There are 2 protein chains.
Amino acid sequence: MAVKDDVRCQIVDAAKKRFSHFGYAKTTMAEVATDCAMSPGNLYRFFPGKLDIAEAIATEDYQHHLDQLARLVSVSEKPARERLRDLFFQELRRTYNKLESDPRAYEIALIISRERPEYANWMLANERKILTRLIEDGQRRGEFAPGNADYTAEMLQSATMKFRYPQLWSKLSLPKLERELEGVLALVVDGLCTRLPCPDAA
Amino acid sequence: MAVKDDVRCQIVDAAKKRFSHFGYAKTTMAEVATDCAMSPGNLYRFFPGKLDIAEAIATEDYQHHLDQLARLVSVSEKPARERLRDLFFQELRRTYNKLESDPRAYEIALIISRERPEYANWMLANERKILTRLIEDGQRRGEFAPGNADYTAEMLQSATMKFRYPQLWSKLSLPKLERELEGVLALVVDGLCTRLPCPDAA
DNA sequence: CCCCTGAATAATCAACAATCTATTCATTCT
DNA sequence: AGAATGAATAGATTGTTGATTATTCAGGGG
């Protein structure tokens with residue numbers, strides 16, 4: 001099995017080179033196979049199809065991103081409120097910069113989100129787990145109101161949809177997106193209703 | 001000028017029939033012209049182009065919708081909080097049902113949002129005016145926290161993006177959208193932070 | 001028996017021609 | 001003159017044909 005993983009790795013590496021050089025569409029399976037010194041047919045013993053290779057590449061990168069988010073949340077000296085802000089800003093900036101600076105990544109993101117909508121759901125679910133942990137922590141500290149943390153996380157994600165795949169929908173510049181995210185988070189955290197000053201824990 | 005408006009109306013009516021029968025793409029300017037007993041070229045004395053006729057049709061409908069929203073907001077016996085809910089639910093349901101029940105409307109919505117993104121901005125701005133009024137009213141009554149109402153309205157719209165053109169992005173069913181909207185509104189209204197019970201005015 | 005190959009297949013794509021149609025404008029009518 | 005026409009144009013759309021290419025699978029090693 002370990003050897004099989006090595007080959008998968010080799011394929012992913014070869015594809016990564018090709019994709020970043022010529023793009024996903026202009027890379028053929030035959031080329032990737034040749035780079036790996038194997039036949040095209042053999043690729044299919046390691047990946048169900050071309051898109052799955054692209055997914056593997058994307059996921060490798062995404063894992064780093066997820067780790068980073070998890071790390072932000074676990075800086076437990078900071079108030080939950082600030083960590084929440086860090087989380088969403090990190091998410092926005094990394095996605096924006098990635099898609100902005102790398103047209104190849106943009107191409108692949110576009111294709112995956114069209115052909116594999118469940119992939120986006122999977123990412124959302126991963127991030128929700130982290131978000132839920134943060135909310136639970138905030139509740140434990142008395143910063144956030146008690147309630148179903150997972151449900152709250154879902155609603156938070158729903159309210160910040162616009163900032164998740166910035167350039168796939170909105171065409172806004174990063175500064176404008178940041179300004180809006182700031183505002184939305186303030187709204188969501190403090191609420192619209194009149195409130196007496198927060199009995200800040202900590 | 002009044003006679004010019006009559007002709008515009010006649011054109012819009014003819015186009016409405018054609019569009020709802022055969023769709024926007026399959027309707028030609030020549031056909032609309034014939035229906036109005038005029039030459040194709042003459043249409044251009046009344047509308048800059050084909051899309052503008054579609055826009056006029058859409059706007060006619062939209063005005064009713066806007067009026068309805070304005071009416072909801074001005075029911076001043078209700079707490080602002082409830083009117084806010086009414087406003088967003090009305091918005092969601094009417095858009096969802098319109099696009100769901102009428103494939104021709106969906107076709108036109110798709111084309112306008114592609115070719116005329118500024119139209120969507122215009123609609124957003126209209127609705128923001130209504131929303132701002134509601135927020136100001138809520139602030140006056142002490143239900144909502146004081147602050148820049150227009151800015152708050154903008155952020156509210158940003159947080160409810162997902163529900164504005166439901167089937168252009170999300171493919172969720174109406175019940176699921178309603179559940180999410182309910183949750184997002186609750187979050188936004190009450191806020192994430194711990195709060196002492198609202199010193200409800202009224 | 002398990003790996004692997006590479007030709008066969010079917011789906012997709014690119015390029016080109018042919019057609020159609022939105023838009024313009026020189027001209028005609030009133 | 002101002003209103004209206006409809007032929008001319010340019011750009012988009014459609015249909016077709018000929019590759020290209022992802023994917024499969026019958027068979028050849030090891």
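Keep in mind that the numbers below use all heavy atoms, side chains included, and drop hydrogens, waters and symmetry copies. Bear in mind that the values here come from a model prediction, so they are computed numbers and not experimental data. Below, read A as the first sequence line, B as the second, and so on, with proteins coming before strands; counting in each chain starts at 1.
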The side chain of [X] lies closest to which of these nucleotides: [options]?
X: S39(B); options: dG6(C), dT23(C), dT5(D); value: dT5(D)
X: K50(B); options: dT23(C), dT23(D), dT5(D); value: dT23(C)
X: Y44(B); options: dT23(C), dT21(D), dT5(C); value: dT23(C)
X: P40(B); options: dT5(C), dA22(D), dT23(C); value: dT23(C)

Whole angstroms only, please: what is the [atom1]-[atom2] distance between [X] and [N]?
X: F46(A); N: dT23(D); atom1: CZ; atom2: C1'; result: 16 Å
X: I111(B); N: dA12(D); atom1: CD1; atom2: C1'; result: 13 Å
X: F47(A); N: dA22(D); atom1: CZ; atom2: C1'; result: 16 Å
X: F19(A); N: dA22(D); atom1: CZ; atom2: P; result: 9 Å
X: Y24(B); N: dT13(D); atom1: OH; atom2: P; result: 11 Å
X: M38(A); N: dG29(D); atom1: CE; atom2: P; result: 20 Å
X: L51(A); N: dT21(D); atom1: CG; atom2: C1'; result: 14 Å
X: M29(B); N: dG11(D); atom1: CE; atom2: P; result: 18 Å

### Task
Let me know which of T132(A), L131(A), N126(A) forms a side-chain contact (heavy atoms from CB on, under 4.5 Å) with K129(A).
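When side-chain contact (heavy atoms from CB on, under 4.5 Å) is applied between K129(A) and each of T132(A), L131(A), N126(A), only N126(A) qualifies.
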
Between [Y] and [X], does any NZ, NE, NH1 or NH2 come within less than 4.0 Å of an OD or OE carboxylate oxygen?
X: D137(A); Y: R141(A); value: yes
X: R94(A); Y: D61(A); value: yes
X: R8(B); Y: D52(B); value: no

First of A37(A) and T27(B) reached from the 5' end of DNA chain C, by closest nucleotide: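 Looking at DNA chain C, the more 5' nearest nucleotide goes with A37(A).
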
| message | For N42(A) and K26(A), find the nucleotide of DNA chain C closest to each by heavy atoms; which residue's nucleotide sits nearer the 5' end? | response |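 Result: N42(A).
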
Donor-acceptor contacts, no H, no angles, side chain residues 69-79 of chain A, under 3.5 Å, sequence neighbours left out:
residue: S74(A); atom: OG; partner: A70(A); partner atom: O; Å: 3.3
residue: S74(A); atom: OG; partner: R71(A); partner atom: O; Å: 3.0
residue: K78(A); atom: NZ; partner: D86(A); partner atom: OD2; Å: 2.7

